[in-house]
Amino acid sequence: MNNYVEKLYGLFLEQRKISTDSRNISTGDIFFALKGDSFNGNVFALDALKQGATLSVVDDLALKDKEGCFYVPNVLLALQQLANYHRKQLQIPVIGITGSNGKTTTKELLACVLQTKFRVFATKGNLNNHIGVPLSVLSITNDVEVAIIEMGANNIGEIELLASIAEPSYGIITNIGNAHLKGFGSFEGVKQAKGELYGNIAAKGGIVFANTGNPVLAEMIKHHGLLCNTLTYDTGYFNATAQISGDLPFLEVSLTVPQTGRAITIHTSLVGAYNLENVLAAVRVGLYFNVDIDKIRSALEGYKPSNSRSQLLKTKRNTVIVDAYNANPTSMEAALRNFGKLTCSKKVAILGEMLELGDYSDTEHQRILSVAQSLGCDEIILVGEGFKGHHAPNNIYFNHVDDCVTYVRENPIIGAYILVKGSRGVHLEKVVELL
């Protein structure tokens, strides 16, 4: 540990306020002058001080002796080291979560359950990368009793870095799917990257919660020597079933509590049977931390999804399933097959392209379109270059979401169940506003 970290930590403890954006400085902030491909925070370091920051952490030698500036060799590394130093002061359980799909939903469900008994910190929004994780860790205050840190990655080695910062004592990999293939290179690359969390946990003798009914996860657990340190939440463990019933396609989970043999049903506000494993993860973790099963059920039933994740909207014209915060071939297929099971008079699928697939993009977009066509939708609307050249005469294709918006405005969809699914970068939320 470089000697500047302890000194910086002492200054951090005086305010516990950090900013990485000079446009949003509050009095007392420590400004970290991060650099990116198109910006250099050092340029704004002195302005941040004028706006009320108590300190600007910089790595530009020209600022080394400027009043209010704290020079370090690398600002990003200093932020990460500071976060890890803070983590080492915390004597609390830290649960690390990653996975190709469902990690944010699982994080939020865990937080709802554990908050019935503990003071919980959970990653805010999508702060799950090399900058977001350190900021999240540094947001954990002394009164927190359990922390949940979400970890995302686009390339091999990133989860290893994030785990070395947050040092989770417990870990969850929700699943392994064909996501970010451009960065990971292949499905095996995804396994290697996500498995870095298991490797970190194994090295410290920690515990993983896992759906060992998933053969990929079961094999990874064995590979990392975690068989004795794994707490399962597969459907067999809970004798669990998922069903979609009623006028609205909300997930109902029936399970038996192994410790007591008690059977319960959880009526969620989540759309999609694919959320079963996310719900079971929250139940398993809650039971491990001795949360009463009735409180677990109430917490899960009270959770309302938002941010375009497994979200159902009843509009004046239609019933809309919005799952457009992110998309990859695995999550797209799951959403489509769930949509295909719904019984209704009119179904429309609005699908945005799946980003970051690299050489797999052509094949996967064609495969997903074939899945969509097999489900008997009345209309399939495709948006984005990934679907270019793959649309059929009975589909409608738009290169850009704005063209789709124009079409939907001029050709209103009425009386339908509509699935809206695509990568966040496609901005399908613009279409949702018209449905």
Distance from [X] atom [atom1] to [Y] atom [atom2], nearest 0.5 Å?
| X | Y | atom1 | atom2 | answer |
| --- | --- | --- | --- | --- |
| Asn200 | Met151 | CG | CE | 7.0 Å |
| Leu82 | Arg87 | CG | CZ | 14.5 Å |
| Ile264 | Thr256 | CD1 | OG1 | 9.0 Å |
| Glu145 | Phe118 | CD | CZ | 6.5 Å |
| Ser139 | Leu127 | OG | CG | 8.0 Å |

Does atom NZ (Lys295) have a neighbourhood of more than 12 heavy atoms from anything else shown, all under 6.0 Å? no
Lys341 atom NZ: more than 12 heavy-atom contacts under 6.0 Å: no
Let me have the donor-acceptor pairs involving side chains of residues 216-228, under 3.5 Å, with sequence neighbours excluded, atom names and distances please.
{"from": "Glu219", "atom 1": "OE1", "to": "Lys191", "atom 2": "NZ", "distance (Å)": "3.4"}
{"from": "His224", "atom 1": "NE2", "to": "Gly195", "atom 2": "O", "distance (Å)": "3.3"}

Distance-only polar pair, side chains of [X] and [Y], donor-acceptor under 3.5 Å:
| X | Y | answer |
| --- | --- | --- |
| His267 | Glu301 | no |
| Thr268 | Glu252 | no |
| Glu356 | Asn328 | no |
| Asn175 | Glu277 | yes |

Leu255 versus Ile266: any side-chain heavy-atom pair under 4.5 Å? yes
Please identify each residue that fulfils ring-ring contact (aromatic ring centres under 6.0 Å, His included) with [X], with sequence neighbours left out.
| X | answer |
| --- | --- |
| His86 | Tyr9, Phe12 |
| Tyr397 | His391 |
| Tyr407 | Phe398 |

The single option from Ile148, Ile95, Thr174, Val285 passing side-chain contact (heavy atoms from CB on, under 4.5 Å) against Thr106: Thr174
When you measure from the centre of the six-membered ring of Phe339, is the NZ or CZ of Lys347 under 6.0 Å away and within 45° of the axis? yes
Between the side chains of Asp292 and Lys117, is the shortest nitrogen-to-carboxylate-oxygen separation below 4.0 Å, so that they form an ion pair?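 No.
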For Cys377 versus Ala372, what's the shortest heavy-atom pair and its separation?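 Result for this residue pair: SG-O, 4.2 Å.
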If every non-hydrogen atom of Ala83 is compared with every non-hydrogen atom of Val137, which pair is closest and at what distance? O-CG1, 3.3 Å
Going by salt bridge (Lys or Arg N to Asp or Glu O under 4.0 Å), name the residues that satisfy it together with Lys388, two or more places apart in sequence or in a different chain.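 If we apply the salt bridge (Lys or Arg N to Asp or Glu O under 4.0 Å) test to Lys388, skipping adjacent residues, there are no hits.
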Is there any ring pair (Phe, Tyr, Trp, His ring centres under 6.0 Å) pair reaching into residues 148-175, and which pairs are they, with sequence neighbours excluded?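 Residue pairs passing ring pair (Phe, Tyr, Trp, His ring centres under 6.0 Å), neighbours aside: Tyr170-Phe209, Tyr170-Tyr288, Tyr170-Phe289.
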So, Gln89 side chain and Tyr85 main chain: donor-acceptor pair closer than 3.5 Å or not? yes
